[in-house]
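This report refers to the structure that appears directly beneath it.
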Protein chains: 2
Amino acid sequence: MDRETVLASLLRRLNTVSKLDPADISAIRSLPIAVRHWEGGRAIVSDGERPKDCCLIIEGFCVRSKTTVRGGRQILSIHIRGEIPDLQSLHLQTMDHDLITLVPSTLGFISHASLRALTHARPSVADALWRDTLIDAAMFREWIVNVGQRPAPARLAHVVMELRRRLAVTKRAEAAAIEFPLTQEQIGEALGITPVHANRIIKQLRQDGIVDVSKGQVQVLDETKLAKFAPFDDRYLHLDPSA
Amino acid sequence: MDRETVLASLLRRLNTVSKLDPADISAIRSLPIAVRHWEGGRAIVSDGERPKDCCLIIEGFCVRSKTTVRGGRQILSIHIRGEIPDLQSLHLQTMDHDLITLVPSTLGFISHASLRALTHARPSVADALWRDTLIDAAMFREWIVNVGQRPAPARLAHVVMELRRRLAVTKRAEAAAIEFPLTQEQIGEALGITPVHANRIIKQLRQDGIVDVSKGQVQVLDETKLAKFAPFDDRYLHLDPSA
DNA sequence: GCGCATCCTTAACCTTTGTTGGAACAGGTC
DNA sequence: GACCTGTTCCAACAAAGGTTAAGGATGCGC
């Protein structure tokens with residue numbers, strides 16, 4: 001994997017979310033990044049561990065999740081390329097959840113040491129990364145609303161809308177279909193429902209002609225119906241650095 | 001309200017959560033803080049606003065919440081004294097949720113300008129505040145698990161356990177009772193259930209001799225039963241700066 | 001003391017979601 | 001081809017939680 005591509009995916013994300021000046025960008029460009037490939041369905045870091053680096057997703061999909069004592073698993077967020085899903089470990093040394101690949105992925109590891117040196121040398125880069133973790137928190141807030149307030153079918157539709165909006169930034173959301181590499185069991189874990197019920201609502205959304213969730217992707221069947229069924233306001237994603 | 005008391009509540013929180021050296025502490029001490037009193041049930045900042053300062057809770061209780069288009073309200077977190085519930089607005093200019101007092105409260109407002117100057121001058125203070133916002137996110141993650149995975153009675157017990165643990169840090173959790181100034185409707189909004197159902201589970205927990213939620217407080221009826229009913233691991237609160 | 005508003009409480013009924021168990025299908029391996 | 005394993009799909013029944021409606025308590029203002 002060529003270093004220019006790696007940096008491009010990182011910088012695209014940071015640039016859409018914050019304003020970076022040329023000096024910041026060149027400082028980020030000189031960050032050492034160790035590229036590694038990862039199988040699908042494998043933990044990158046697990047609950048209780050103390051990682052020594054942060055993980056940039058160069059290509060692929062990851063989820064973060066927590067497991068309860070009763071064995072239930074809750075998916076907390078879905079991550080796409082360009083994101084650093086465990087940036088929080090920079091200041092929260094011990095993981096309180098798992099980070100897992102959904103599909104075979106290319107990852108870039110950046111040591112805490114080099115990140116800390118960078119943030120201390122350049123407060124404006126610290127601000128950008130800080131902001132990134134705050135957007136993470138904003139997405140968790142919306143996820144709470146999703147699980148707490150919406151009926152199951154609307155929950156699924158909302159997750160689809162969000163992922164679609166985020167993929168659009170990376171220029172990879174084709175008009176009507178997006179990648180969605182979750183099994184029905186994982187969809188259940190994301191929405192706080194059983195896999196059986198996940199299957200029911202997927203069927204229902206398909207029959208109602210709204211979206212078709214299958215084979216690792218989502219086909220939007222009717223844009224208008226979807227927008228009506230799951231009203232989506234992307235403000236919480238804070239994609240505009242000046243707003 | 002005497003300035004020393006104000007600083008004490010802020011520093012206690014930051015000190016239990018991060019390691020601050022004497023120079024950091026004295027820099028924080030010189031932060032300008034405008035103290036104001038607020039009625040109960042009133043918004044401090046609302047969704048869509050662009051506040052110019054952050055709000056320290058000196059005395060009282062606040063919640064953060066989001067309202068859906070269908071009118072449902074979801075409480076996202078409960079905040080106690082010493083906390084800065086909208087620290088995130090430092091880098092996320094536009095609020096994506098509301099911050100509301102539950103009871104008459106004393107608040108300290110600290111301008112974004114002075115906080116930004118401080119974090120840029122002292123990277124270690126920036127790290128401490130950054131860490132604080134990351135703990136915020138960790139609490140949201142646990143809140144997602146609570147709403148997504150646990151049956152309603154266990155959800156309530158978990159919220160009680162968490163608040164109890166956090167109040168203990170401020171030395172105000174008496175052995176068997178804690179302040180819990182939420183109406184049953186608000187409890188429902190926190191747990192993602194209707195007020196009627198909130199009433200049902202409160203009754204059940206009381207009858208089962210676990211906790212008694214009433215009159216703005218929670219009485220723990222049986223410590224052992226509670227611990228068994230709602231196993232609680234406080235790791236996600238990241239109260240130990242070195243862990 | 002009366003009236004008003006807010007909160008707590010309960011009951012009956014209905015809808016959504018969970019549980020159990022099993023069939024059908026695909027991809028991979030021997 | 002036969003045999004895995006993981007996934008999708010489905011049906012019947014049970015449990016949790018939502019809805020509606022209404023009565024009782026409590027505190028506050030007048």
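First the proteins, then the strands, lettered A, B, ... as listed; each starts at 1. All values derive from a computational prediction rather than experimental measurement.
Between I201(B) atom CD1 and dT9(C) atom P the separation is 13 Å, expressed in whole Å. Note: CD (Q204(B)) to P (dA15(D)) measures 14 Å, nearest angstrom. One interatomic measurement links the two molecules: CG of L182(B) to C1' of dC8(C), which rounds to 15 Å at whole-angstrom precision. The interatomic distance linking F180(B) (CZ) with dC8(C) (P) rounds to 11 Å, in whole Å. Between Q184(B) atom CD and dA25(D) atom C1' there is a gap of 12 Å when expressed in whole angstrom units. What separates CZ of R150(B) from C1' of dA16(D) is a distance of 17 Å, to the nearest Å. Rounded to a whole Å, the NE2 atom of H197(B) is 19 Å from the P atom of dC14(C). Following rounding to the nearest Å, I202(A) (CD1) and dT17(C) (C1') show an atom-to-atom distance of 15 Å.
A donor-acceptor pair under 3.5 Å is absent between the side-chain atoms of W143(A) and the main chain of R141(B), judged by distance alone. Side-chain atoms of T101(A) do not come within 3.5 Å of backbone N or O of C62(A) as any donor-acceptor pair. With hydrogens and angles ignored, the 3.5 Å screen pairs no side-chain donor or acceptor of Q74(B) with any backbone N or O of T67(B).
At a non-hydrogen distance threshold of 4.0 Å, nothing from residues 64-77 of chain B comes into contact with DNA chain C.
In this model, the phosphate group of dT9(C) is approached by a side-chain N or O of N199(B) to a distance below 4.0 Å at OP1 or OP2. Look at R206(B) and you'll find a side-chain N or O under 4.0 angstrom from OP1 or OP2 of dT9(C). The phosphate of dT9(C) has neither OP1 nor OP2 within less than 4.0 Å of any side-chain N or O from K203(B).
Note: E179(B) CD to L163(B) CG = 9.0 Å, rounded to the nearest 0.5 Å.
For the residue pair T170(A)/R81(A), the side-chain donor-acceptor check at 3.5 Å is satisfied.
Mapping V213(A) and R200(A) onto DNA chain D by nearest heavy atom places V213(A) at the nucleotide closer to the 5' end. For the pair S214(B) and A198(A), both in contact range of DNA chain C, the more 5′-proximal nearest nucleotide belongs to S214(B).
As judged by a 4.0 angstrom heavy-atom cut-off over every strand, G41(B) is placed among residues making no nucleic acid contact. Residue G216(B) is classed as having no contact, given no heavy-atom separation below 4.0 Å to the nucleic acid.
A salt bridge between R150(B) and E142(B) is present, with a side-chain N of the basic residue lying under 4.0 Å from a carboxylate O of the acidic one.
Checking dT17(C), dT7(D), dG17(D) against the side-chain heavy atoms of I193(A) singles out dT17(C) as nearest. When distances run from any side-chain atom of R155(A) to the nucleotides dT9(C), dT17(C), dG17(D), the shortest one goes to dT17(C). With dT19(D), dG17(D), dT17(C) as the candidates, the nucleotide lying closest to the side chain of V196(B) is dT19(D).
Nearest heavy atom pair, residue C55(A) against residue D86(A), reads N-OD1, 2.8 Å.
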